[in-house]
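Comments concern the structure below.
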Amino acid sequence: MNQSMSTDGLSDPGYLSPGYIDVLFAAPDNDGTEKHGGHEDDPGFVSEPTLRTTVSTTSGYTIDQYDPERWIPVGAAMDTSGSYFGMKKRKRGSSVGMNELADFHQSSWNAFQYYLARCIPVKIADVSSFRAVDPVPFNGMKSESNNRSSHSNNKERNEMANCDREVLCRVASLPSTILETMVTVQCAFSSNTSTEKETSELPQQLDRAISFCTKDGKARCPTFMGQEDQVTSEMTLQEVISWNRVSSHDFDAVNAETSKDDSMIHMAVCVAQEPILTISSSCDRKELYDCKPQIQIELDGRVSKHEKHDVNMTNSVARSRLEPLAAMLRMPSFLMVGNPEANDKSDNETNNITIHDINLWHAPQTCCTNVHYDDRDNLLLVTEGVKTVEICPPGCIVGSPIYSEHANHPVMLRRTRIGSVNSEAKQNILELKRRRTHIVSVSAGQALYIPPGWWHRVESESACTAVNVWFKYKDTSPQEVPKHMVDFRDRQTKRKYYENNETELAASYLEKLRKAQRGSNSNDISCPTLTCRPILKREDWTLLRDMAFRDELLEAEAQADFLDVFIRCWEKCIDTFSEKLGEQTYPYELRELSFLPSFAAVLNAFLLRIRLDRPKERQVLVGMWAGFPLPQHKRLRSISFTHLIKHLQPASCYVITEAWERHASVAEKSEIDGTSNQVEVEKSYKHFFNMFDDGHNENMIRLHLLGSVEAFKKEMCSILMH
């Protein structure tokens with residue numbers, strides 16, 4: 001899509017904000033007193049929703065930007081229509097039986113399901129109140145207080161009880177075995193070493209331009225952009241917690257210092273993210289929805305893995321590095337186990353919730369994500385600190401194409417540098433968002449439900465920790481799809497259809513291009529020249545050109561022979577060019593590199609012959625880059641290789657990148673030296689990008705490969721959809 005027309009396709013999102021965000025809270029506590037305040041003249045009970053203002057904020061938004069909060073009491077008499085009825089007051093000190101807790105469980109689910117079915121966000125206050133806790137045994141559970149009778153120290157017992165009521169204890173107080181676990185971190189860098197002038201908007205600037213964040217100019221906090229914009233690393237959780245070299249308030253100061261010293265580079269850790277429990281990626285999607293969930297939440301909030309496996313099932317709970325942390329989680333079970341009535345049925349036909357992933361997020365300093373959406377239901381539970389979530393319905397922003405790896409990001413953010421997004425396009429998005437956006441504060445002990453497809457941008461204050469649950473809600477009611485979700489669900493259907501057929505379609509499309517190539521005339525590819533004189537002997541070039549179009553090239557051995565000839569001829573051209581220029585600089589290199597189109601045409605023909613489903617042929621291509629010659633002159637090497645790759649067709653670029661990805665994903669070893677596929681690919685990838693002498697050319701080729709692959713996928717998608 002043309003970036004200057006990036007708002008094409010936007011229409012009525014089908015949703016208007018009521019002017020507040022709903023907040024669910026438990027009605028009276030077990031002793032008859034209300035947990036969260038309420039009417040001053042009746043502190044023990046609230047029978048109707050009340051409007052309140054948020055208390056906690058983050059630095060990127062002003063207090064008046066936040067939605068008012070409509071606090072809705074959840075009691076035993078709430079029905080599935082979302083009507084609010086008073087819960088009969090109990091006398092102080094009266095006990096609560098299992099029937100009353102069961103009623104509250106059902107009411108909690110009815111209230112939460114009201115928002116799930118309508119795909120609208122809702123905030124949860126005091127998530128610990130939405131599960132069975134001490135001192136009441138529930139549905140056959142043993143009271144945890146009985147297990148603690150051996151504790152003689154009341155203070156220690158109280159501390160344990162308080163901790164047990166939280167989703168997760170403070171991260172810094174976790175056991176050392178967990179703190180020493182390696183986790184994935186997303187980083188941002190502050191540096192002035194770039195050789196390219198910033199003449200166009202950065203994605204971070206565009207992201208702020210289409211949000212209601214009050215910050216302008218340079219980012220005052222690192223932005224975790226996600227996908228290819230992020231810098232990913234690993235460190236221990238303890239290192240992340242103590243990573244405080246730059247506070248959220250002095251990132252600008254570091255930028256100022258960096259401007260004085262161009263060689264200074266500062267890394268800021270934006271966020272650590274790591275799965276705690278996750279469904280294996282090899283799991284069949286239909287099995288996930290039809291079988292009994294394998295990540296389960298017990299009624300006391302504990303998280304467990306379902307160990308009963310059918311021999312015919314392939315889905316499993318993948319082991320993650322932070323899996324030991326699962327035993328310390330206490331989730332809002334009355335919201336997350338689905339319909340209570342379904343849990344008593346062995347066939348599980350009416351179970352509404354299937355949990356896919358539970359993840360840990362920790363921001364050691366102020367940071368924010370760019371606007372994006374998730375294709376699954378998301379419950380974000382903050383355990384420490386404060387987050388601000390700016391959230392709007394699917395129709396407010398145009399996403400990247402469905403064939404893109406970044407389909408859940410705005411189309412205008414998917415380039416490293418964009419110069420054609422006009423102010424009108426940004427204003428159109430803001431205008432659509434203005435009456436449809438919720439800006440919500442979520443502090444420790446609270447949660448926010450983010451429906452699938454809803455665009456959201458999350459800002460975290462320093463030392464903020466959260467746990468999120470990605471799950472699938474299966475609506476068993478006959479209710480129609482909400483208007484604001486129709487286009488998104490249609491988009492998701494097409495996207496899944498494309499993903500399920502991409503491999504077969506690519507093979508078919510590449511075969512079609514091969515057949516078309518066989519009918520072309522190889523004689524049209526002229527011999528490379530330098531100053532109008534051939535660089536290679538005619539017989540050498542004829543041999544190379546003819547080899548590229550022979551049917552025998554469909555065998556791995558013939559492909560290896562071709563590459564030997566190709567590399568020898570390429571090296572001859574580069575050496576001849578280098579000798580002619582001597583030690584000169586290369587201000588006119590593109591005029592002189594007239595041999596590049598000929599080599600690119602031959603290389604295009606070769607790459608189309610690689611069949612990606614054959615390991616030996618992938619290995620030939622992967623090994624090609626590892627053995628590519630490196631000319632003595634770095635500048636010449638960079639310029640020549642850059643423009644060779646830029647002359648490749650989209651199909652060729654797809655074959656290159658797909659060969660790396662598929663070869664690395666297979667746990668095999670080379671028949672030659674026993675090297676693993678992963679090591680081979682890393683060596684090939686590193687050598688490929690070592691051909692460039694500066695970050696500018698390397699970045700140019702990365703973008704060219706990404707753009708070419710997307711162009712190839714766009715053509716495939718067009719064929720598939722029609």
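All heavy atoms count here, side chains included; hydrogens, waters and symmetry mates do not.
- Ion pairing between a basic and an acidic side chain is recognised when a charged N comes within 4.0 Å of a carboxylate O; E499 and R495 show such pairing.
- In this view, T54 satisfies the side-chain hydrogen bond (donor to acceptor under 3.5 Å, both in side chains) rule with no residue, not counting sequence neighbours.
- In this structure, the side chain of S242 engages the main chain of Q238 through a donor-acceptor pair within 3.5 Å.
- Listed for the S404 side chain is no donor-acceptor partner under 3.5 Å among the backbone atoms of S400.
- Under the 3.5 Å distance criterion, the side-chain polar atoms of E384 are left unmatched by any main-chain donor or acceptor of A466.
- Contact check for T437 versus I391: no side-chain heavy atoms found under the 4.5 Å cut-off.
- Between E459 and the options T388, T369, T58, a side chain to side chain donor-acceptor pair (under 3.5 Å) holds for only T58.
- Contacts of H456 classified as side-chain hydrogen bond (donor to acceptor under 3.5 Å, both in side chains), with partners at least two apart in sequence or in another chain: H372, D374.
- P275 pairs by the side-chain contact (heavy atoms from CB on, under 4.5 Å) definition with T278, S320, N359, not counting sequence neighbours.
- Judged by distance alone, with hydrogens and angles left aside, the side-chain atoms of D67 form a donor-acceptor pair with the main-chain N or O of I439 at under 3.5 Å.
- Partners of A444 according to the side-chain contact (heavy atoms from CB on, under 4.5 Å) rule, which considers only residues two or more places apart in sequence or in another chain, do not exist here.
- The two residues Q446 and A125 make their nearest non-hydrogen contact at CG-CA, 4.4 Å.
- For Y61, the ring pair (Phe, Tyr, Trp, His ring centres under 6.0 Å) test picks out no residue, with sequence neighbours left out.
- Salt bridge annotation for D300-R330: absent, with no cationic side-chain nitrogen under 4.0 angstrom from a carboxylate oxygen.
- Under the side-chain hydrogen bond (donor to acceptor under 3.5 Å, both in side chains) criterion, E69 pairs with W71, K123, not counting sequence neighbours.
- Residues satisfying the ring pair (Phe, Tyr, Trp, His ring centres under 6.0 Å) test with Y373, not counting sequence neighbours, are W455, F488.
- When the side-chain contact (heavy atoms from CB on, under 4.5 Å) test is applied to R702, the partners found at least two apart in sequence or on another chain are Y685, F689, E698.
- Under 3.5 Å, the side chains of S333 and E298 contain no donor-acceptor pair of N or O atoms.
- When atom types are taken as modelled, the side chain of K433 and the backbone of I210 share a donor-acceptor pair closer than 3.5 angstrom.
- Y115 and D22 are linked by a side-chain donor-acceptor pair at a separation below 3.5 angstrom, with hydrogens and angles left out of the test.
- Taking R321 as the reference, E234, E274 meet the salt bridge (charged side-chain N to carboxylate O under 4.0 Å, His left out) condition, with sequence neighbours excluded.
- No side-chain heavy atom of D375 sits less than 4.5 Å from a side-chain heavy atom of P452.
- Without hydrogens or angle criteria, Q186 side chain to A272 main chain gives no donor-acceptor distance under 3.5 Å.
- Scored by the side-chain hydrogen bond (donor to acceptor under 3.5 Å, both in side chains) test, H362 finds T465 as partners (sequence neighbours excluded).
- Of the possible polar contacts, one joining the T181 side chain to the T177 backbone as a donor-acceptor pair under 3.5 Å is found.
- Listed by chain and number, the residues in a salt bridge (charged side-chain N to carboxylate O under 4.0 Å, His left out) with D377 amount to none (sequence neighbours excluded).
- For C464, the side-chain contact (heavy atoms from CB on, under 4.5 Å) criterion is met by V382, K387, S460, not counting sequence neighbours.
- Relative ring orientation between F130 and F104 is described as parallel, the plane-to-plane angle staying below 30° on a 0-90° scale split at 30° and 60°.
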